Structure formats: C-alpha cells, structure tokens
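What follows is one structure encoded as structure tokens, with my remarks underneath.
Order of the sequence lines fixes the chain letters, A, B, ..., with proteins taken first and strands second; residue numbering starts at 1 for each chain. All values derive from a computational prediction rather than experimental measurement.
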2 protein chains.
Amino acid sequence: MSASDLIRIMLVDDHAVVRAGVRRLLEQEARFLVVAEAESGERAYQQFGEHLPDITIIDLSMPGMGGIEAIGRIVARYPTAKLLVLSMHENAAFASQALKAGAKGYLVKNSLAEELVNALECLAKGQTYINANFTKKIAQQFLNDEINPLQQLSTREFEIFRLLAEGTDSNLIASSLNISSKTVANYQTSIKQKLGINNSVELVRLAIRSGLIDS
Amino acid sequence: MSASDLIRIMLVDDHAVVRAGVRRLLEQEARFLVVAEAESGERAYQQFGEHLPDITIIDLSMPGMGGIEAIGRIVARYPTAKLLVLSMHENAAFASQALKAGAKGYLVKNSLAEELVNALECLAKGQTYINANFTKKIAQQFLNDEINPLQQLSTREFEIFRLLAEGTDSNLIASSLNISSKTVANYQTSIKQKLGINNSVELVRLAIRSGLIDS
DNA sequence: ACAAAGTCGGGAGTTTTTCCTAGTGTATGT
DNA sequence: ACATACACTAGGAAAAACTCCCGACTTTGT
C-alpha cells in the first residue's frame, strides 16, 4: 500500500466513548488514520481547517451547534469535504436533513464494523453511502417528505389532526365540529394512514416537529 | 499487582461502536479485563450467568428488553451483581429508576475516561458511584419529586411508560417483558391514573417534557 | 411477623379503532 | 353539461384497546 492510499480521518462526537470506539474499529485497518478529534460542532469546524482530513465522521446530536449545522458550515467553506454521518437516529428525516446539508453518507451507530469500512471506502472514492436497510426507509419517506406530510391532509383532516394532537377527546372534537364521533373516528384512521403512522405517539411527535403544538 | 486485583467486566450495549469504545478505554488499564459483551438485555442475562463478571457496564435504552428490565433480572438472580449504568440520558428520572432497579452506579456517556475508571473502582470496592455533575441534578430534581409525576411510578410502570411513549406496540411490550398483554393494558391504565392523564397523547407529551424521549 | 406496596393476570363490560360501504356536495376538465 | 375526482359525512360489524374490579403471590420495611 502506498502512502497515497492512506485515508486521513477526523472524528466528531461529543461522547468520548464513541470516538474511542470508532478509533478502535479503524485501527484494525492500517489504511485508516485518525488525524483529529472534536467534541463539538464548533471545534469540528476549527479542526477541519487545521487538518483537512479526507473524511470526517460526525455525529448529529451534539450540544451547542448540532451536527447538521456543522456539516453545513464545513461544506460551505470546503465544498469537497467528505462527511460521513454516524448517528444513533434510525430516522429518515434526520438522514435526509443531513444529506441535504451536504453529508456524503449516513450510518447508524449499531452498524457493523464492516459497514463502516465500506462506507469510508465509498466516500474515499467520491461516492455517497447510505445504510442498506435504510435506503428503502428513506425512499418511502422521501416522497412524503418533499410533500411535507401534513400537506397531504385535507382541511378537515388537518383540523382533526390538530385537535387530536392537543389531546382533545374524540367526543369533544365531534361536538365542537358538529359531526358524529363516528366520523371523527374514521378521520382518525385516515389521517394515520395518510401520514404513515400507526399510533398516537407518532402523531404527537409529528405535530410537535411540525410546530403545530409544543410539548 | 496480584491476579486477584483483576476486575472482570461485561459490556452491554446495542451499539457495537460504544462497546468497542469502552473496551478501548479499559484496555489502557491493565487491571481491567473485558470478559464478555452483549447487545441486548436478553443476551446480557444469559452472558452474566456464563461469565459472572465482577462488574457489568450496561446501557439503558436498548431495543427489546430495556436496560432497566435487564438490571432487575440480573440483580434478582445474582443479588451481589455490580452493575454500572452508562447512559446517554442526562436525566434524573432514568438514573433514579436504574438505581432503584439495583444498579450500583450511573454515568453519562460523555464522561471522561478517568471517571469511568473511578466509577469502576468504586463499584469494585462495593461502593455506589454517581456522576459528580449529576448528583446535583438529581438533588435538584429530587426536591421536585413530589412535583415530578414520573417519580410516582414503580419500576415496572416506568419501564412500560417508557416503551409506550416510544410508540412500542402493546403486544410487543408484553412479549419483550414476558408478561401478558392484559397486564400491559392494566399497567397502562394505572400509569395514566397515577400521572393524571386521560389519553396517550398526554402520555407522550409528558415523556417529551421529561426528556425521556425526544420529539 | 405483619402491613404495605409491587407484580401479574383473569373476568366482564365499555370504548376506540378499523374496514367497508354509501350518500351528498363541490370542483375540474373536456 | 356531464363525467370524474375528491372531500365530507356517517352507519354497521368486527377487532382491538382500555377500564375497573378482583385475587394471588412476592418483596420490602418496621
């Protein structure tokens, strides 16, 4: 292996344990070299300029400047930067946001070591890498994502969605809107179906994320 | 150093990266030896019996049987087991529930390596260890205990509350905890009653407000 | 040892949710 | 103008979830 094959890597994660873990996994392969670590988005941006790593492995949820913003700043300044997101969130929304911000790969933390190596090599070659069992999830939600899930709802559906998310009793919704509680129940089903959710937990989360209600 | 000083450790975390990270940190110190790893609560319980580690380092949020449940089971069978929680949740509710379930220490994942070593030595000596910058947080929230509704919940109730708030299907909860789905339903009722809420929407919002889950 | 509290689940009834069907009204386009 | 589409409404039937009540057993504390 020639020196040019060496892939210089920076690790960004607020958890020292995770940084150590990735470092350990990478040490198994001689062609990877960790040249820098950062525990925050701010530091990541600084360190990037100092070390100009080939690839940066970055977490999304960090205190202060989050990973997404850090990605945005780094890519803005260094458009050829290769950033691999290593997140614990198995959430398509997170992935698409990260990729939209300029990341070149997305991996969940419980992935195997081989997958990490695989992802790194993809990025090194200039490709984009996304977790295999994740692509379909993203593909599914991608359609809905661009549309903005709540936008699919009809006026009535949206109204009922809002009331449900606020915790309003179905019967109260019915009498407020002067419709049968049976109709409310039916709407509830169609709303969940349209939003692709199975339970009221996801319903609330979606409402909160959309800023419709606050926690 | 004599052989008897060797501290045999088991790691339990669903993220391979985290396990590798802890392992790496522990390898710096010759007196620690990782004798087993597990990626789930179920496996942890099995492995514990096989290896009988001096100390078990365990994560709380794992799919299937959660960490709290695993702690409970291990402590039930092996009352002298020393379990150190290594969680990413900087949340007093989690900590107190974990300790109530029988854990001997609580550490957040972004702690420094020295703190981990420190904690391990405390546990090895039979002491209890809690993160320094965490004790005051716990102390703070301890005062609000009367106010903090989640504190009213029993271990089991809390566990089920968490799973419900995460949107886990009742039947899945039942099978994860090896109890009847009827029991889960009954718990659900008592949880709502204790927390003074009427529907699952409020349940989720409470969980989010408490930092138990994020939106 | 006794009381108090936690865990577990059956019984029985109520409520909610789902899935299907179906009527009405209102656009939209050809 | 007429067909087509879709939103709004709601009933019926069945399934699923929830509530309330109770009893058994275990753990814990005094």
Side-chain angles (χ1 to χ4, degrees), chain A residues 147 150-204, chain B residues 41 65-66 68-81 96-103 145-146 149-204 206:
Chain A
I147 302 166
L150 298 189
Q151 223 61 40
Q152 306 170 62
L153 301 181
S154 70
T155 310
R156 205 52 152 176
E157 284 168 345
F158 185 79
E159 180 74 0
I160 291 172
F161 171 75
R162 207 195 91 248
L163 291 167
L164 287 172
E166 282 177 354
T168 316
D169 183 76
S170 291
N171 293 312
L172 188 55
I173 295 177
S175 58
S176 297
L177 303 179
N178 286 313
I179 56 179
S180 158
S181 63
K182 195 62 222 301
T183 304
V184 175
N186 287 332
Y187 268 117
Q188 200 164 339
T189 302
S190 68
I191 289 167
K192 285 181 185 167
Q193 198 255 312
K194 274 196 181 179
L195 298 179
I197 58 185
N198 302 313
N199 50 52
S200 43
V201 172
E202 287 302 324
L203 191 146
V204 176
Chain B
M65 190 202 294
I68 304 228
E69 170 78 9
I71 290 169
R73 292 208 198 174
I74 291 173
V75 170
R77 297 294 194 291
Y78 311 95
T80 62
S96 71
Q97 287 293 336
L99 296 172
K100 199 187 289 182
D145 256 0
E146 270 86 345
L150 297 190
Q151 216 56 41
Q152 303 170 53
L153 301 181
S154 71
T155 306
R156 207 46 154 179
E157 285 166 344
F158 182 79
E159 180 76 358
I160 291 173
F161 171 75
R162 201 195 100 244
L163 292 167
L164 287 172
E166 281 178 355
T168 317
D169 184 74
S170 291
N171 293 312
L172 188 56
I173 295 177
S175 58
S176 295
L177 303 180
N178 286 316
I179 58 180
S180 158
S181 61
K182 194 61 221 302
T183 304
V184 175
N186 286 334
Y187 269 117
Q188 201 163 341
T189 301
S190 68
I191 289 167
K192 285 181 184 167
Q193 197 256 313
K194 273 194 182 180
L195 299 179
I197 58 185
N198 302 311
N199 50 53
S200 45
V201 171
E202 287 301 324
L203 190 147
V204 177
L206 183 56

On DNA chain C, check which nucleotide each of B:Val184 and A:Thr189 is closest to and give me the residue with the more 5' one.
B:Val184
Do any N or O atoms from the side chain of B:Glu166 and from the backbone of B:Leu163 form a donor-acceptor pair under 3.5 angstrom?
no
Nearest whole Å is fine: how far is C:dC8 P from B:Tyr187 OH?
5 Å
Touch class at under 4.0 angstrom, heavy-atom based, for A:Ser181 against every strand present
nothing
Nearest whole angstrom, please: distance from the P of C:dT14 to the CG of B:Asn198.
20 Å
Between CD1 of A:Ile173 and P of D:dT9 the distance, given in whole Å, is 13 Å
Taking B:Ser175 for the side chain and B:Asn171 for the main chain, is one N or O donor matched with an acceptor at less than 3.5 Å?
yes
Classify B:Gln193 by what it touches in the nucleic acid, base, sugar-phosphate, or nothing, heavy-atom distance under 4.0 Å.
nothing
Taking any heavy-atom pair under 4.0 Å as a contact, classify A:Ser154: base, sugar-phosphate, or nothing.
sugar-phosphate
Does a distance-only test, which skips hydrogens and angles, find a donor-acceptor pair under 3.5 Å between the side chain of B:Lys182 and the base of D:dT19?
yes
Whole angstrom is fine here: how far is it from CG in A:Asn178 over to P in D:dC8?
15 Å
When you measure only distances, ignoring hydrogens and angles, does the side chain of B:Asn186 come within 3.5 Å of the base of C:dC8 through a donor and an acceptor?
no
What's the CD1-C1' distance between B:Ile191 and D:dA17, to the nearest Å?
15 Å
Check whether B:Asn199 reaches the backbone of B:Glu202 with its side chain - one donor and one acceptor, N or O, closer than 3.5 Å.
yes
Any side-chain N or O of A:Ser180 less than 4.0 Å from the OP1 or OP2 oxygen of D:dG11?
yes
Ignoring backbone atoms, test whether B:Thr183 places a side-chain nitrogen or oxygen under 4.0 Å from the OP1 or OP2 oxygen of C:dC8.
no
Only one of A:Arg156, A:Lys192, A:Glu159 passes side chain to side chain contact (heavy atoms under 4.5 Å, CB included) with A:Tyr187, and that residue is A:Arg156
Check whether any side-chain N or O of B:Ser200 sits under 3.5 Å from a backbone N or O of B:Leu203 as a donor-acceptor pair, and report yes or no.
no
Spacing between B:Glu69 atom CD and C:dC8 atom C1', to the nearest angstrom
13 Å
Whole-Å distance, B:Leu164 CG to D:dC18 P, equals 8 Å
Side chain of A:Ile179 (C-beta onward), nearest among D:dA17, D:dC18, D:dA10
D:dA10
To the nearest angstrom, how far is B:Glu157 atom CD from C:dA5 atom P?
13 Å
